[in-house]
Structures are given as structure tokens and as C-alpha cells.
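Each chain gets a letter, A, B and so on, in the order its sequence line appears, and its residues count up from 1. Just so you know, these numbers use all the heavy atoms, side chains as well, and skip hydrogens, waters and symmetry mates.
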Amino acid sequence: MTITDNASTTTNSVQLPVGYVDISATLDGGQAFRWWPEESGGYRGVVGRRTVNVSEIDGGVVVTPRDGKGVEGLEHTMLEYLGHDQDIEGFRTRFADDPCLGPALRGYSGLRVLRQDPWEALFGFITSSTSNIPRIKLNVGSAAERLGYSVGPEARDVTFPEPEVVAEAGEQFLRDLGFGFRAKYIAPAAEAVASGQLRLADLREASYSDAREALVALHGVGEKVADCVLAFSLDKPESFIVDRHILRALHKWYDLPEKASLSYAADWARDFFGEHSALANQYMFHRERLARRASEWGGTHVERALPEDEV
DNA sequence: GTCCAGGGTGAAA
DNA sequence: TTTCACCCTGGA
């Protein structure tokens, strides 16, 4: 059932009414695991049941179907996915003079917090435990290719497999795909969602703490993974994800005790950044990553790339 | 070839 | 609160 008769030579794409979005950092920066760069530019992935290319053009974002279908509904779907309704302007204004976020905002505006499918996010971040992004993408991608169903011409153009399908496939199936010990967490999580014992959709309406509690109740979901799912899929902008890199940043920029526990740091950050926690978290993480990459190249990350500094 | 880190979690001390 | 096993892949 492939689509081959797309004879139309007219432009079949939609420009989103958003400003500049850093597609690479947003789609392929550790929030989502099923976006792949295309030779022709931009990133290719599946949102819901649509295979699309997302590209930066003229300071904006253009979405082009890769499944041979039209653009109907894509604008709404993609605006929602890219977190269009986040308070990015309020965030910018509030933290313009922040020692860490101010320079970050001027240096690379355009990061967004995605609003993903909750089940895919849960699966992805359980998979992320003591792993790395290339491997997470490998694991999540292979599970999707084996269990999802095709919505485009390429092997990766698949929907994310429903929890019922993952539950049916089972732990051993995931182990055979290279998930390692994470398989014993994912299979029961799939069961919980499939059986209705855990209603992910309802958690979008629930309070931050109630939703978090429900997620942490799952075996294999700790505070870190829960906060990832809350921030990237469950409409909880007050969620703040703490790993060791973020902990170091909080120490460096906000004088948190160097050995503060992850839990203490997360509480502190949520209190400090409030409704902008998830955005602040993303910018801080990105800044730390750039600094790390720079040092790995033997160079120094330019901490303040500001016009006035260069005068 | 070996060594090690990678956006953690759960269980035991 | 701290320590450690848990799987495995890619890079040094």
C-alpha cells in the first residue's frame, strides 16, 4: 500500500506561523529519538500517522509531507508538536539578564520544548537510562520498525507501536533488539498503559505532582525519566530535568552546593524557574553540551557571543 | 585487543 | 544517603 502516484509537481508543503526554530537542537537534541537528517536538508520523522520533513527556511519552519499525502491538518499537528503555545516570549523577557540563560538566549534562540505522544516519550526515556543518544535512537528505531506500521516509503517511516503491541511483543523481544536491562522495565510499562491501569492521556490534565507520582510508580521510572516525560509530552512546563551535567550547571551559575542531590536540585530549580522550568532546562542543557563539545575539540566555548563584547 | 562513559533506577547497606 | 549491579554499543 505504498504511495507512488504523486504526480504533482506543485509545491506541497506548509510554512508554519512560527519564528525561528532550531530544528536540529530541538528535534535531534535528546528530546525525541526518531528524527533523522535528510540529505536534502531538514529532518525526517513521523508525527502521529504522518511522515514529514521539517526544515528551516527563511528564519521559519517548513513542513513537507514525505508520505505522498497532502498538507491538510499538518499545520495544526506540527504547531502543537513544536510547542507553539509555550510562553517563549515571557521566558525570554524574564531571563534576559540571567547569567546563564541570558547569553544562551542571545546565542541560540530557537530551542523549543516538544509536545510528543506520551507513550512514545515514556518508552523513549525508559530506554534512555544509562544509555547514549546514538544507542537510544538505535533501540527505539528498531523497535518501531519491527512493531509500528508503515506510513511512508522508507523503513523508518513507521508509526510508534501501540502499548498493546509492545506488551504483546514482550521483554525477551526487546532484549533481543539490544535494550538490555531496560527491557524488563518497558514491557510492564506497556502492560500498564495497554490495560488502562495507567492513563497517560489523563495525566495531561493532572497536576504536576500527581502526574509525576503516577509515572514514578512504574518500575524503571525514576524522577529523571518522569520529568522528561512530563516536560516533553504531558504539558508540564514546570518540570525540570536534573542529570549530572545540569547539576554542574546549577552549581556553576546559581551557586547550588556542588554535591546537592539531584532531587534537591530539581526542587530548587522548579521553585526558581517556575512555569519556565522546562524551557530553562533545555537552554541550560544545550549550553552545557556546546561547552562540552568545544572542550572536547580542545577549544573554549564562547560563553558570551554578544555584539557589545566584540566592540 | 581493553577500557570506559553514556540526559538512571532499584535494592541493599 | 551512598553504593552497586544492571545490558550493550560506540569511541578512545
Side-chain angles (χ1 to χ4, degrees), chain A residues 24-35 100 104 111-114 116 120-143 170-190 192 198 212-234 236 239-252 256-267 269-270 273 277-293 295-298:
Chain A
S24 172
T26 300
L27 296 181
D28 203 21
Q31 292 189 57
F33 305 108
R34 295 210 300 140
W35 289 97
C100 173
L111 274 178
R112 292 289 186 280
V113 173
L114 295 176
Q116 303 180 64
E120 179 166 356
L122 178 60
F123 185 110
F125 286 101
I126 293 177
T127 304
S128 77
S129 180
T130 20
S131 191
N132 50 65
I133 291 180
R135 184 182 172 192
I136 300 164
K137 290 181 74 168
L138 183 71
N139 290 154
V140 172
S142 59
E171 177 183 336
Q172 190 56 49
F173 177 87
L174 295 170
R175 280 193 181 264
D176 293 343
L177 285 181
F179 278 77
F181 61 85
R182 302 157 195 87
K184 69 174 179 287
Y185 299 142
I186 295 171
L198 176 64
R212 194 178 199 237
E213 195 177 329
L215 291 174
V216 170
L218 291 171
H219 211 56
V221 178
E223 297 180 351
K224 156 75 168 52
V225 167
D227 276 312
C228 290
V229 178
L230 291 164
F232 304 147
S233 76
L234 291 176
K236 299 292 179 283
S239 160
F240 194 93
I241 301 151
V242 181
D243 64 7
R244 57 198 193 86
H245 305 300
I246 287 291
L247 192 59
R248 195 174 53 224
L250 290 173
H251 168 63
K252 180 163 59 177
L256 237 71
E258 191 163 13
K259 294 192 299 177
S261 72
L262 299 180
S263 185
Y264 173 87
D267 288 343
R270 276 196 301 279
F273 298 109
S277 290
L279 278 167
N281 196 188
Q282 228 26 55
Y283 276 83
M284 201 179 298
F285 185 69
H286 191 61
R287 177 172 186 164
E288 281 302 304
R289 175 165 43 199
L290 291 181
R292 228 177 317 144
R293 278 186 193 159
S295 71
E296 279 165 12
W297 277 83

- Task: Nearest whole angstrom, please: distance from the C1' of B:dT9 to the CG of A:D243.
- Result: 15 Å
Atom pairs under 3.5 Å: protein N/O with N/O of nucleotides 8-12 of chain C:
residue, atom, partner, partner atom, Å
C:dC8, O4', A:R135, NH1, 3.4
C:dC8, O4', A:R135, NH2, 2.8
C:dC8, O2, A:R135, NH1, 2.7

- Message: Counting the atoms with a prime plus P, OP1 and OP2 as sugar-phosphate, which does A:L218 contact under 4.0 Å by heavy atoms, base, sugar-phosphate, or nothing?
- Response: sugar-phosphate
- Note on the structure: What one should report as the nearest heavy-atom pair of A:A265 and A:L250 is CB-CD1, 3.9 Å
- Query: What pairs with A:E288 under salt bridge (Lys or Arg N to Asp or Glu O under 4.0 Å), at least two apart in sequence or on another chain?
  - Reply: A:R248, A:K252
- Query: CD of A:E223 versus P of B:dG8: gap in Å, rounded?
  - Reply: 14 Å
- Note on the structure: Atom CD1 of A:I126 and atom P of C:dC7 are separated, to the nearest Å, by 15 Å
- Message: Suppose the criterion is side chain to side chain donor-acceptor pair (under 3.5 Å): which pairs have a residue in residues 170-190 of chain A, not counting sequence neighbours?
- Response: A:E171-A:R175, A:Q172-A:D176
- Task: Measure from the side chain of A:F181, starting at C-beta and using heavy atoms only, and say which of B:dG10, B:dG7, C:dC7 lies closest.
- Result: C:dC7
- Taking for each residue the nucleotide of DNA chain B bearing the nearest heavy atom, is the 5' side occupied by A:V221 or by A:I241? A:I241
- So, for A:T26 and A:Q31, which heavy atoms are closest and what is the spacing to 0.1 Å? O-NE2, 3.8 Å
- Task: Output all residues satisfying side-chain contact (heavy atoms from CB on, under 4.5 Å) with A:I136, sequence neighbours left out; order by chain, then residue number.
- Result: A:F33, A:T127, A:S128, A:S131, A:V140
- Message: Can you tell me which nucleotide in C:dC7, B:dG7, B:dT9 comes closest to the side chain of A:Q282?
- Response: B:dG7
- Separation between the P atoms of B:dA12 and C:dC7, rounded to whole Å: 15 Å
- For A:L174 and A:A187, which heavy atoms make the closest approach, and how far apart are they? CD1-N, 4.3 Å
- Query: Parallel, tilted or perpendicular for A:F179 and A:F123, by the 30°/60° rule?
  - Reply: perpendicular
- Message: Considering every strand and a 4.0 Å limit on heavy-atom distances, what is the contact class for A:I136: base, sugar-phosphate, or nothing?
- Response: nothing
- Taking every heavy atom of A:A25 against every heavy atom of A:H286, the minimum-distance pair comes out as CB-CE1, 3.6 Å
- Would you mind reading off the distance between A:L290 atom CG and B:dG7 atom P, rounded to a whole angstrom? 14 Å
- Query: Quick one: side chain to side chain donor-acceptor pair (under 3.5 Å) partners of A:D227, sequence neighbours excluded?
  - Reply: A:Y208, A:R212, A:S239
- DNA chain B base-pair string [pairs: Watson-Crick or G-U under 3.5 Å; |: paired with another strand]: .|||||.||||||
- Rounded to whole angstrom, note down the C1' distance from B:dG7 over to C:dT1. 23 Å
- Are any of A:K184's side-chain N or O atoms less than 4.0 Å away from OP1 or OP2 of C:dC7? yes
- Message: What is the separation between atom NE2 on A:H219 and atom P on B:dG8, rounded to the nearest whole Å?
- Response: 18 Å
- Item | Earlier contact from the 5' end, DNA chain B, for A:G220 and A:I246 | A:I246
- Item | Heavy-atom side-chain contact between A:F232 and A:I241 under 4.5 Å | yes
- Here the distance between atom C1' of B:dT9 and atom CG of A:L215, to the nearest Å, is 14 Å
- Message: From CD of A:E171 over to P of C:dC6, roughly how many Å is that when rounded to an integer?
- Response: 14 Å
- Item | Interatomic distance, A:L262 CG vs C:dT3 C1' [rounded to whole Å] | 14 Å
- Task: With heavy atoms under 4.0 Å as the rule, sort A:F125 into base, sugar-phosphate or nothing.
- Result: nothing
